[in-house]
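All remarks here apply to the structure that follows.
No hydrogens, no waters, no symmetry mates; every other heavy atom, side chains included, goes into these values. In what follows, every chain begins at residue 1, and chains take the letters A, B, ... in the order their sequences are listed.
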Amino acid sequence: MNEILGKEIISIVADISGYEEEEIHPESDLQKDLEVDSIKAIEIAVAIEKKYRVSVRDEDIPNLITVRQVVDLIADLMKQKGQ
Amino acid sequence: MKKAVITGIGIISPIGIGKDEYWHGLLQAKTGFRPISLFDTSALNVHYAGEISNFDPIPLLGKKGLRTFDRSTKLVSAAAKFSLDDAGLEITEDNTYSTGVSIGATFGSLRSIAEFDRQGLVEGPRYVNPSHFPNTVINSPASQISIRFKIKGFNTTISTGFCASLDAISYAVDFIRLGRADVVLAGGVEELCEETFFGFYKLGCLSGLDGTEPLCCPFDAKRNGTILSEGAAVLILEEENHARQRGSDIYATVAGCANSFDTKAEMDFSHKGIGLQQAINLALKEAFLAPEQIEYIASCANSTRGLDRLETSAIKDVFGTHAYDIPVSSIKSMIGETFSTSGALSLAAVTGCLQMGIISPTVNYEEKDPECDLDYVPNTARKRIIQNALILASDPYGHNTAMVVKRYGG
């Protein structure tokens, strides 16, 4: 996992979930551990799209279970964009 | 018929947070007007409002879940928490379905709608924040009370402007009388925001438009407009026997409520106040009281020329010569115009008056207006034991509400 990207995304997830950054780990389950419901999941996606100027497909959002999966997806999308 | 009594009061106001601070503020004739910090008024002539600058919901509600709430929802959730604590009431699986929520709110979502639209227009529709969308509807504050406190009975929002919270309380009283609820959290909320402020500024309703210092002086000859304000008030309305079985303190009984719509009012107050007279007469009838038995009137006068004159005229028409013997005072002289919250703030003030035997004053009263010639309890609170009080609400669009409140056991 890209560490810098990981830290930035944990900061976004912390802001939206209400959990402290220290409580969030790459393997944290967004829904079960961090109480990220469907609206918060879209909110996280929108925040990430704004920050990294990538486009997350709506159908991919429900498949993102852990923080690590979010980071990996964004890293892939940035790579595809040549960032 | 079942009786609806008041067992809890939660207040977030410019003159005090919590019931005791609020009552104390009213009796000390404290005013809640200060320079606006929520938005920029440098291009305007008016810079003062009843802004609640020291409001921090986190100590009361905790940090979690507040991030996406708009100001109205934070204000009313805090007031709801105060009211539940004051009534010593805990929502459980046993009472959740017989507990309801009834909130008056009218302009509360304007700010959220504007912000949501601004984000969509500036950043593009893909980047609007979905969690801000629920705030754009006016029933969001009431709904968030039910969600936060796990209240599963009815949930209603009433948007009748200046009358909204008295109407919401009246609706709660009906639910209790008909046996459809044992407990209702009822009240109102309005937040101060630039959208509402600019609207009333352009309508010419605010004091200080000519660049002079704004003054909220109901019934005074020199009144020239109101001062906008914000706040939330939530009261616990409860079925009498339910309250007694809980061993709860009972503050007062809501004995009569009535409404009337004045079709002659179109963006201005009608001179005669036929609608308000009708509402008063119906409320008295429902409370089984003759006009002579009313000992205090909590006025809705807000320092605009039309409303203060209309209310005085309607009181004189209903009460005849007795009108001159009834103390009439307006808490808006200290708090300003809180629209949908104003009726609930009045009811909370009257409840304090019935409890303590002290009538809150009309402050900033100096110069008599020949058209407003009643006893307005000028400038200082007055000791008086009261059994029956009348609360009024009237707006320039035609809504009128009257409520009769009795001292408990009186």
Side-chain angles (χ1 to χ4, degrees), chain A residues 5 7-25 28-65 67 69-71 73-74 76-78 80-81 83, chain B residues 55-75 77-78 80-81 108-109 111-152 155:
Chain A
L5 185 64
K7 274 187 181 170
E8 288 175 352
I9 285 176
I10 282 175
S11 167
I12 292 171
V13 172
D15 185 35
I16 292 167
S17 67
Y19 281 81
E20 300 295 333
E21 286 182 31
E22 302 77 59
E23 297 176 281
I24 303 173
H25 307 287
S28 298
D29 185 309
L30 290 163
Q31 197 181 341
K32 288 179 187 160
D33 300 332
L34 307 175
E35 299 174 80
V36 172
D37 58 18
S38 55
I39 291 183
K40 283 183 185 165
I42 298 171
E43 212 184 333
I44 290 170
V46 169
I48 286 172
E49 286 183 337
K50 262 191 211 177
K51 185 170 173 70
Y52 300 105
R53 291 290 149 186
V54 292
S55 185
V56 179
R57 295 188 310 171
D58 290 347
E59 55 267 36
D60 286 340
I61 295 173
N63 301 325
L64 299 168
I65 310 295
V67 173
Q69 287 172 327
V70 178
V71 178
L73 175 69
I74 304 310
D76 278 352
L77 291 171
M78 289 170 71
Q80 283 167 30
K81 268 190 73 182
Q83 284 179 264
Chain B
F55 173 60
D56 179 9
I58 293 174
L60 196 64
L61 301 170
K63 191 179 163 195
K64 219 165 181 187
L66 293 184
R67 189 182 52 89
T68 56
F69 280 13
D70 61 13
R71 190 166 173 85
S72 291
T73 309
K74 285 177 190 165
L75 290 167
S77 298
K81 176 78 169 81
S109 54
R111 171 83 190 143
S112 296
I113 293 169
E115 195 50 45
F116 193 78
D117 286 346
R118 192 174 293 133
Q119 202 171 28
L121 290 166
V122 173
E123 300 186 43
R126 186 163 180 86
Y127 296 119
V128 294
N129 188 333
S131 65
H132 290 168
F133 184 55
N135 292 332
T136 62
V137 290
I138 196 59
N139 65 333
S140 174
S143 303
Q144 291 295 352
I145 292 177
S146 290
I147 292 167
R148 175 164 285 266
F149 299 105
K150 298 182 171 53
I151 297 168
K152 297 177 184 170
N155 185 291

Considering all heavy atoms of both residues, which atom of B:Arg126 and which atom of A:Val56 are nearest to each other, and what is their separation? NH2-O, 2.9 Å
Closest non-hydrogen atom pair between A:Ile42 and B:Pro130, with its separation: CG2-CG, 3.6 Å
Looking only at atom types and distance, does a side-chain atom of B:Arg67 sit under 3.5 Å from a main-chain N or O of A:Gly18, one as donor and one as acceptor? no
So with a 6.0 Å cut-off around OH of B:Tyr127, is the heavy-atom count from everything else above 12? yes
Return yes when atom CD of B:Gln119 has more than 12 non-hydrogen atoms of other residues, nucleotides or ligands closer than 6.0 Å, and no otherwise. yes
Rounded to the nearest 0.5 Å, how far apart are CD of A:Glu20 and NZ of B:Lys63? 5.0 Å
Toward chain B, the part of A:Asp58 with a non-hydrogen atom under 4.5 Å: side chain
